[in-house]
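Have a look at the structure below, then the notes.
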Amino acid sequence: MRNKLRNGFLFVSLACLLIGCSADLSKQLAPSTTAFGKINQVVVVADKALWEGAVGDTFRYYFGSAYPILPQPEPIFDLKHFTPEELNEDPVRKELRNYVILGDLDQKSSSTSQLIFNDIGNENAMQTGNKDSRRTRVGHDKWASGQLLIYLFAHGNQGLIDNIRSNFPAAAKRIHKADLVQIEANVYQKGENYKLKEEMLSSFGIDMQIPADFFLAVNDGDAAWLRKETEFLSSNIMIHKVPYQDVSQLSKEGIKGIRDSLGRKYVSSEVEDTYMRINDVDLPMFTKQIELKDYYVLEARGIWEIVNDFMGGPFISYLIHKPNSKELIFVDGFIHAPGKAKRKYMQNLELIFSSIEIP
């Protein structure tokens, strides 16, 4: 059976950053404006010489690196740089949502260093050593409500470079978390499809918050295919139950086999003798173990293609070991959006996947 695919200023320390600490470590102000800005946009505040040198290169290498497995490269974050002087030239520049402030505290006359001294206090800043975890602070709502500010600083350029390297994962996680509110508002702008939610729970034992603009294309008892279609985007979710036999299924080869079998059975284009498969020749398929509400999940990311046609795009798959049963639940999301940037659409699918529960 086939379905055709169409063309108050708050600070927390680094330790709190890593464990999600919510302690308020300084005073809260009350900005009168609300922050705005695009999802994945980061404003970097740094002196010009610092940004154009090795520190800026290191920052761009990590924060501007490629988002995982897209057909055309897109960065993890879109970076915009201002010096403190440029920041003060236009009040709107202080009303964006996500900021990273980079400072070499050995340059005491630097305007960025002065900004850091003023915000976190001279004593806290000057206690910083090259191996001190306090080289990072997180602030909120400095110039507008809804702002996130991450301060990365050290004594000397090398210390700052090391700081960027070691704290990039935690900082990136914090920025992505701050963006989730806006992503969720976009994904569920029209609400949830409760009818589909109940059908997936009844048919496959999976509870998922499905956006209202998805519809059911296929449910034959073996697999379900949920779709969202616009003039430029096809966003798809497939759900499938697999009998659990042995641990070899929870492997790169196992998840690839499941996805390719579903692609061959259900997905084609308008051209004869076409079907979907993973293309791990042009780009590798990556797998990793993740935790999802205490479930064991094997995640796979890669790109798909339609054999005998010129169609393709990114996908993300979850293979979930259903607790206390002999079943695996396979959930796959894939995008077809020719000529469009795809990062945001994959993030939308990731948000939907994060809602998965298996009662």
Side-chain angles (χ1 to χ4, degrees), residues 8-12 14 16-22 31 33-45 59-60 62-70 73-82 87 92-102 136-152 164 167-192 208-209 211 213 228 233 235 290-293 299 301 314 316 318 333 335 337 340-356:
F9 204 9
L10 306 176
F11 279 109
V12 296
L14 176 62
C16 291
L17 174 67
L18 293 173
I19 65 174
C21 176
S22 60
T33 58
T34 300
F36 68 95
K38 298 178 181 179
I39 295 168
N40 302 309
Q41 184 182 74
V42 174
V43 179
V44 184
V45 181
F59 190 91
R60 286 185 289 272
Y62 286 95
F63 285 80
S65 59
Y67 186 87
I69 314 301
L70 294 176
E74 297 177 51
I76 296 177
F77 298 113
D78 301 317
L79 305 179
K80 181 181 288 292
H81 168 253
F82 294 125
L87 199 66
V92 174
R93 294 173 179 174
K94 291 185 174 181
E95 296 176 4
L96 300 173
R97 291 193 304 111
N98 298 322
Y99 294 82
V100 175
I101 293 88
L102 290 177
T136 300
R137 290 289 189 277
V138 176
H140 296 274
D141 306 342
K142 177 176 172 63
W143 299 297
S145 61
Q147 283 181 333
L148 170 69
L149 301 96
I150 297 177
Y151 296 76
L152 298 176
I164 294 168
N167 290 315
F168 164 70
K173 183 177 181 180
R174 194 64 181 252
I175 296 167
H176 285 312
K177 184 177 180 180
D179 279 341
L180 280 179
V181 174
Q182 191 169 345
I183 295 173
E184 186 170 15
N186 292 339
V187 171
Y188 297 103
Q189 184 178 13
K190 298 180 180 179
E192 290 185 51
M208 180 190 301
Q209 294 176 7
D213 45 10
K228 171 184 175 179
L233 167 70
S235 184
I290 64 170
E291 287 188 10
L292 179 68
K293 300 181 176 68
E299 176 189 284
R301 290 177 183 264
I316 179 172
Y318 281 7
I335 296 296
K340 301 292 183 180
K342 299 170 179 62
R343 176 186 60 185
K344 64 180 179 180
Y345 302 128
M346 291 304 293
Q347 288 179 317
N348 291 349
L349 287 176
E350 290 169 17
L351 178 74
I352 298 169
F353 281 24
S354 72
S355 72
I356 290 174

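One-based numbering along the sequence shown.
Under 4.0 Å is where a charged nitrogen must lie from a carboxylate oxygen, and between K344 and E74 no such pair does.
Considering only heavy atoms from C-beta on, L292 stays 4.5 Å or farther from F353 through its side chain. No side-chain heavy atom of Y67 sits under 4.5 Å from any side-chain heavy atom of N40. Put simply, the side chain of V44 does not reach to within 4.5 Å of the side chain of F63, judged on heavy atoms. Using a 4.5 Å cut-off on side-chain heavy atoms (C-beta onward), L148 and H140 make contact. A 4.5 Å side-chain heavy-atom check between N98 and F77 finds every atom pair outside the cut-off. Looking at heavy atoms from C-beta onward, F36 lies out of side-chain contact with T34 at the 4.5 angstrom threshold. Counting heavy atoms from C-beta outward, I335 and N348 have side chains that stay 4.5 Å or more apart. Two residues are said to be in side-chain contact when any heavy atoms from C-beta on lie closer than 4.5 Å; E299 and E350 fail this criterion.
Across all non-hydrogen atoms, the minimal contact from I76 to A66 is CG1-O, 3.7 Å. The shortest heavy-atom contact between Q209 and S355 is N-OG, 3.0 Å. In terms of heavy atoms, Q147 sits closest to Y99 at NE2-CE1, 3.5 Å. Between K342 and A337 the shortest heavy-atom distance is NZ-O, 3.0 Å. For the pair A178 and R97, the tightest heavy-atom approach, listed with the atom from each and the gap, is O-NH1, 3.9 Å.
Listed for the R343 side chain is a donor-acceptor partner under 3.5 Å among the backbone atoms of P75. In this structure, the side chain of D141 engages the main chain of G146 through a donor-acceptor pair within 3.5 Å. At distances below 3.5 Å, not a single donor-acceptor pair connects side-chain atoms of E95 with backbone N or O atoms of W143. Under the 3.5 Å distance criterion, the side-chain polar atoms of K80 are left unmatched by any main-chain donor or acceptor of Q41. Panel note: side chain S145, backbone T33; a donor-acceptor pair is recorded below 3.5 Å.
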### Task
Dump the intermediate steps for side chain to side chain contact (heavy atoms under 4.5 Å, CB included) on N186 and I39, then the final yes or no.
CA-CA 11 Å; N186 292 339; I39 295 168; 3.5 Å; yes
### Task
Decide yes or no on side chain to side chain contact (heavy atoms under 4.5 Å, CB included) for V100 and L79, but give the supporting numbers first.
CA-CA 10 Å; V100 175; L79 305 179; over 6 Å; no
### Query
Could you walk me through whether Q189 and D213 pass the side chain to side chain contact (heavy atoms under 4.5 Å, CB included) check?
CA-CA 9 Å; Q189 184 178 13; D213 45 10; over 6 Å; no
### Step-by-step side chain to side chain contact (heavy atoms under 4.5 Å, CB included) determination, I352 to M208
CA-CA 7 Å; I352 298 169; M208 180 190 301; 3.7 Å; yes
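In this structure L351 satisfies the side-chain contact (heavy atoms from CB on, under 4.5 Å) test together with L180, I183, E184, V187, Y188, S354, sequence neighbours excluded.
Remark: M346 CE to R301 CZ distance equals 6.0 Å, nearest 0.5 Å. To the nearest 0.5 Å, atom CG of residue L152 and atom CD1 of residue I164 are 6.5 Å apart.
At most 12 non-hydrogen atoms from other residues, nucleotides or ligands lie less than 6.0 angstrom from NZ of K38.
Using modelled atom types and a 3.5 Å distance limit, the side chains of D179 and Q347 yield no donor-acceptor pair.
Ring-plane geometry between Y62 and F168 is classed as tilted, the angle between the planes lying from 30 to 60 degrees on a 0 to 90 degree scale.
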